[in-house]
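Below is one structure; the comments refer to it alone.
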Amino acid sequence: QVQLVESGGGLVQAGGSLRLSCAASGRTFSSYAMAWFRQAPGKEREFVAAVTWSEGVKRYAGSVKGRFTISRDNAKNTVYLQMNSLKPEDTAVYYCGNRAGYLTGPYDYLTIESKYNYWGQGTQVTVSS
């Protein structure tokens with residue numbers, strides 16, 4: 001089992017910045033990748049960004065590319081999501097996901113929600129206009 005705890009959410013004005021953190025604990029030695037997904041009210045959960053633990057391969061959703069940056073600290077088993085130039089449409093609950101075990105296939109598979117085995121409880125991000 002892997003436990004994930006997100007933090008860093010909050011209320012920010014449009015154009016502002018926030019940094020989310022996701023700390024992993026438990027059987028992290030089997031972890032292959034971490035990702036951030038988000039879910040806005042009335043919408044399905046969508047991919048935001050992902051990173052592999054060893055190679056550092058990253059993927060971003062088109063809507064956040066150039067504004068958000070995902071990074072990892074292997075020593076702390078923590079993944080971060082730096083969010084700049086926030087927009088009201090970024091308002092959502094942000095969830096951290098963990099992929100346990102190697103992922104066969106192209107790196108674009110990192111954008112698929114079903115590829116992740118464990119999830120955090122989510123952290124609310126609200127961007128006011």
Side-chain angles (χ1 to χ4, degrees):
Q1 293 282 344
V2 174
Q3 293 78 43
L4 303 173
V5 178
E6 302 106 330
S7 61
L11 173 64
V12 65
Q13 288 189 330
S17 299
L18 281 175
R19 189 176 83 152
L20 306 183
S21 300
C22 177
S25 60
R27 296 173 63 89
T28 58
F29 62 86
S30 65
S31 294
Y32 174 73
M34 297 278 279
W36 290 96
F37 285 72
R38 67 186 181 186
Q39 187 167 21
K43 296 186 177 181
E44 294 191 352
R45 191 150 60 178
E46 65 175 4
F47 170 76
V48 177
V51 63
T52 61
W53 279 115
S54 58
E55 308 99 330
V57 173
K58 300 178 182 180
R59 289 292 184 269
Y60 294 96
S63 59
V64 307
K65 196 171 293 185
R67 300 188 298 124
F68 292 10
T69 302
I70 191 169
S71 61
R72 87 257 193 238
D73 185 329
N74 293 55
K76 295 182 178 179
N77 289 325
T78 299
V79 170
Y80 304 96
L81 185 68
Q82 178 66 44
M83 305 186 294
N84 298 329
S85 302
L86 283 161
K87 304 175 181 180
E89 51 263 45
D90 294 318
T91 295
V93 177
Y94 283 70
Y95 296 92
C96 175
N98 176 81
R99 164 73 187 186
Y102 185 74
L103 180 63
T104 57
Y107 284 118
D108 285 347
Y109 281 9
L110 293 170
T111 68
I112 300 172
E113 182 179 353
S114 62
K115 301 298 183 182
Y116 294 86
N117 313 95
Y118 302 100
W119 294 93
Q121 80 288 351
T123 185
Q124 176 71 47
V125 172
T126 303
V127 185
S128 63
S129 58

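- In this view, S128 and L11, Q13 satisfy the side chain to side chain contact (heavy atoms under 4.5 Å, CB included) rule, not counting sequence neighbours.
- Looking only at distances, a side-chain donor or acceptor of E6 sits under 3.5 Å from a matching main-chain atom of Q121.
- Put simply, the side chain of K115 never gets that close to the backbone of R99: no donor and acceptor are under 3.5 Å apart.
- In this structure a side-chain-to-backbone donor-acceptor pair under 3.5 Å is present from Y60 to I70.
- Linking ILVMFWY residues whenever their side-chain heavy atoms come closer than 4.5 Å, directly or via other members, places Y95 and I112 in the same cluster.
- Between Q124 and V93, the shortest heavy-atom contact is OE1-CG2, 3.2 Å.
- In this structure, CE in M34 is found 12.5 Å from CG in L110, a value given to the nearest 0.5 Å.
- In this structure, F68 is a member of the same hydrophobic cluster as V127, with clusters built from ILVMFWY side-chain heavy atoms closer than 4.5 Å.
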### Query
Taking it one step at a time, do T28 and W53 satisfy side-chain contact (heavy atoms from CB on, under 4.5 Å)?
CA-CA 10 Å; T28 58; W53 279 115; over 6 Å; no
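- One finds the OG atom of S63 at 7.0 Å from the CG atom of D90 (value rounded to the nearest 0.5 Å).
- Enclosure of atom OH in Y109 is not indicated, since only 12 or fewer non-hydrogen atoms of other residues, nucleotides or ligands lie within 6.0 angstrom.
- Here the shortest heavy-atom pairing between A92 and A40 reads CB-N, 3.8 Å.
- Side chain of E46 to backbone of R38: no donor-acceptor contact under 3.5 angstrom is found.
- Atom CD of Q3 and atom CG of N77 lie 11.5 Å apart (nearest 0.5 Å).
- Hydrophobic clustering (side-chain heavy atoms under 4.5 Å, transitive across Ile, Leu, Val, Met, Phe, Trp, Tyr) keeps Y80 apart from V64.
- For the atom pair S31 OG and R72 CZ, the distance stands at 13.0 Å (nearest 0.5 Å).
- Shown here are the side chain to side chain contact (heavy atoms under 4.5 Å, CB included) partners of E55, two or more places apart in sequence or in another chain: Y32, T52, V57, Y107.
- When all heavy atoms of A24 and L4 are compared, the closest pair comes out as CB-CD2, 3.6 Å.
- Here the shortest heavy-atom pairing between Y94 and L20 reads CB-CD1, 3.6 Å.
- The shortest non-hydrogen separation linking P88 to S129 is CG-CB, 3.8 Å.
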### Query
Going through the checks in order, is the side-chain contact (heavy atoms from CB on, under 4.5 Å) test met by V79 and W36?
CA-CA 9 Å; V79 170; W36 290 96; 3.6 Å; yes
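- Y102 OH to S30 OG: the interatomic distance, rounded to the nearest 0.5 Å, is 15.5 Å.
- Separating the CD atom in Q82 from the CG atom in L18 is a distance of 8.5 Å, to the nearest 0.5 Å.
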### Message
As a quick check of understanding, evaluate side-chain contact (heavy atoms from CB on, under 4.5 Å) for R45 and E113, giving each step before the final call.
### Response
CA-CA 8 Å; R45 191 150 60 178; E113 182 179 353; 2.9 Å; yes
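- In terms of heavy-atom proximity, A49 sits nearest to L81 at CB-CD1, 4.1 Å.
- Residues forming a ring-ring contact (aromatic ring centres under 6.0 Å, His included) with F37 (at least two apart in sequence, or on another chain): F47, Y116, W119.
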